[in-house]
Amino acid sequence: PETITVQELANRMAERGGEVVKTLMKLGVMVTINQTIDADTAELVVEEFGHKLRRVSDSDVEIGMRGDPDDDSNLEPRAPVVTVMGHVDHGKTSLLDALRASDVVAQEAGGITQHIGAYQVHLASGQSITFIDTPGHAAFTEMRARGANVTDIVVLVVAADDGIMEQTVEAINHAKAAQVPIIVAINKMDKPEANPDRVKQELLSHDLVVEEMGGEIIAIPVSAKTREGLPDLEEAIQLQAEILELKANALRAAEGVVVEARLEQGRGSVATVLVQRGTLRMGDVFVTGNEWGRVRALINDRGERVEEAGPSIPVEVTGLQGTPHAGDDFVVVEDETKAREISEFRSEAKRQSDMARSGRGSLEQMLSKI
Ligand code: GDP
Ligand code: MG
């Protein structure tokens, strides 16, 4: 029988995964976002949304259900998306900079880089790795709070002279909660006080058992300063990516997530989008969060204009009608009418829930005065 994952169903309806899970719950079906449901159940959900989503026409729903797009034969390997986390001053930024400098394409092109919130490193092997470049845990948790699972792998940076600290533990907990594999980068190995064995011992008490101790966690000694161990770290990421069998269909309409967004003088709203599936092209009409737009320009992590961006590629997008938030979904739709409908519906839904929330607040205030 035909099945579809909850996430995929949500994507096709341009709805939040969490909302679809809730709707399923109401229908008595308890599933998580990554589980599959059968076509009949999916149809019920679509009707449920179609009923509420008055403005979405029947044909849209059909597109959702007939589903050409994610034909398995179209799935191709995609680059892993990596977030670097760890305690303050343990070298996250230094490591990201050092890794970025190892990009073979950027070296050829003269190494002019641009900060857009994420970048790709092209390895000599021809493969590449996408790094989320937004600092620290805030981005990770903010995105997760919005239901966006952007990261395939977490690189946990631990300074070899300092060991596991408070934010290291936080990072471990975030990664575990997100069920994302962890690779440990034991940094600052160039320092005379470096004590990688102590770091490995400390990891034990957080249930992270490194390979040398019979576990499965890969720990790579590195130095962002001397660049020692960086190729090993890249190789470990590649290996982990292979185990995860990361794949995406580049042929379909693009879907992704906003990594960063801001209003810029002269350019309007600008968003860095990490494409997760499909290919984003100039002129594409899209919905993102409560906003919509039409792609006016696509700019890559080297500041170059590009015509398109495929899976795992971060790209800066202009042509937005408003500024979305980090973690918002980004979905290409058929046309402006549909885009307007969805963004209006979402804005209205948000207004309603904001109102309900402030209403509740005032009721609580009233009660507390009684
Ligand atoms: P973040 O807060 O985790 O982003 O850490 P930073 O990258 O800003 O690094 C904090 C400090 O540690 C800076 O002074 C860096 O120069 C230094 N640092 C980072 N990596 C290394 C390293 O591998 N070796 C040495 N000796 N210093 C490092
Ligand atoms: Mg930093």
Side-chain angles (χ1 to χ4, degrees), residues 80-103 106-107 111 113-121 123 129-144 150-178 180-203 206 208 210 217-237 259-262 272 274 301 314 326-327:
V81 179
V82 176
T83 301
V84 174
M85 296 205 279
H87 196 68
V88 63
D89 282 347
H90 279 199
K92 297 180 294 294
T93 304
S94 306
L95 196 60
L96 280 163
D97 288 348
L99 287 163
R100 185 164 197 179
S102 72
D103 186 307
Q107 277 166 9
T113 56
Q114 178 158 320
H115 174 83
I116 63 168
Y119 64 83
Q120 268 213 317
V121 170
L123 307 177
I129 304 172
T130 302
F131 288 95
I132 304 286
D133 193 13
T134 47
H137 309 183
F140 191 81
T141 40
E142 190 181 349
M143 285 189 216
R144 286 245 310 140
V150 267
T151 303
D152 300 309
I153 298 166
V154 162
V155 167
L156 182 71
V157 181
V158 187
D161 60 338
D162 205 20
I164 300 217
M165 303 296 282
E166 194 186 330
Q167 288 161 286
T168 319
V169 177
E170 280 173 28
I172 291 171
N173 292 337
H174 286 317
K176 280 185 181 169
V180 178
I182 297 173
I183 294 171
V184 181
I186 305 180
N187 191 32
K188 307 201 186 184
M189 285 299 292
D190 60 286
K191 286 197 160 189
E193 318 88 280
N195 188 348
D197 289 333
R198 194 189 86 189
V199 174
K200 290 173 194 171
Q201 281 293 339
E202 290 174 348
L203 286 169
H206 298 280
L208 298 181
V210 298
I217 297 291
I218 299 169
I220 312 280
V222 300
S223 165
K225 192 175 169 188
T226 66
R227 314 183 53 78
E228 167 195 346
L230 294 191
D232 298 333
L233 178 59
E234 290 168 341
E235 198 183 309
I237 293 169
V259 175
E260 261 186 26
R262 65 196 172 275
T272 296
L274 176 67
D301 55 357

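One-based numbering, in listed order, for ligands and for the atoms of each. Throughout, numbering of the chain's residues begins at 1 and tracks the sequence.
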Nearest atoms (heavy-atom pairs only) where S102 meets V121
OG-CG1, 3.8 Å
Step by step, would you call D161 with K188 a salt bridge (charged side-chain N to carboxylate O under 4.0 Å, His left out)?
CA-CA 7 Å; D161 60 338; K188 307 201 186 184; 5.0 Å; no
E202 and G163 have their tightest heavy-atom pair at OE1-CA, 3.3 Å
Kindly confirm whether the Mg ion (ligand 2) is within less than 2.8 Å of some N/O/S atom in T93?
yes
Could you tell me which atoms of ligand 1, counted from 1 in the order shown, lie closer than 4.0 angstrom to a heavy atom of H87?
3 (O)
Closest heavy-atom pair, K176 versus H206, reported as atoms and distance to 0.1 Å, is NZ-O, 2.7 Å
Can you confirm whether some protein heavy atom lies under 4.0 Å from atom 22 (C) of ligand 1, or whether none does?
yes
For atom 14 (O) of ligand 1, decide whether some protein heavy-atom distance is shorter than 4.0 Å.
no
Shortest protein contact, atom 5 (O) of ligand 1 (heavy atom only):
G91 N, 3.1 Å
Are any of the N/O atoms on V222, whether in the backbone or the side chain, positioned under 3.5 angstrom from an N/O atom of ligand 1?
no
For atom 12 (O) of ligand 1, closest protein heavy-atom neighbour
K188 NZ, 3.0 Å
Between S94 and ligand 1, does any nitrogen or oxygen pair lie at a separation below 3.5 Å?
yes
With heavy atoms and a 4.0 Å threshold, my read on which part of M189 contacts ligand 1 is neither
Test item: side-chain donor near acceptor, H90 and D162, under 3.5 Å:
yes
So if I count the atoms of ligand 1 from 1 in the order they appear, which ones are less than 4.0 Å from some heavy atom of K92?
1 (P), 2 (O), 3 (O), 4 (O), 5 (O), 7 (O)
Which atom pair, heavy atoms only, marks the closest approach of I220 to G229?
CG2-O, 3.8 Å
Among protein heavy atoms, which sits nearest to atom 8 (O) of ligand 1, and what does the distance come to when rounded to 0.1 Å?
T93 CB, 4.2 Å
Please state which protein non-hydrogen atom is closest to atom 20 (N) of ligand 1 and give its distance, to 0.1 Å?
N187 ND2, 3.2 Å
Near K191 (heavy-atom distance under 4.0 Å), the atoms of ligand 1 are 26 (N)
Tell me, which protein residue and heavy-atom name are nearest atom 24 (N) of ligand 1, and how many Å apart are they?
D190 OD1, 2.7 Å
Heavy atoms only: give me the nearest G91-N187 pair and the separation to one decimal.
CA-ND2, 3.6 Å
Suppose we measure from atom 2 (O) of ligand 1 to each protein heavy atom; which comes out shortest, and what is that distance?
D89 N, 2.7 Å
Could you state the interatomic distance from CD1 (I129) to OH (Y119), rounded to the nearest 0.5 Å?
9.5 Å
Under 3.5 Å: donor-acceptor pair, side chain of K92, backbone of H87
yes
Any donor-acceptor N/O pair, T272 side chain to I116 backbone, under 3.5 Å:
yes
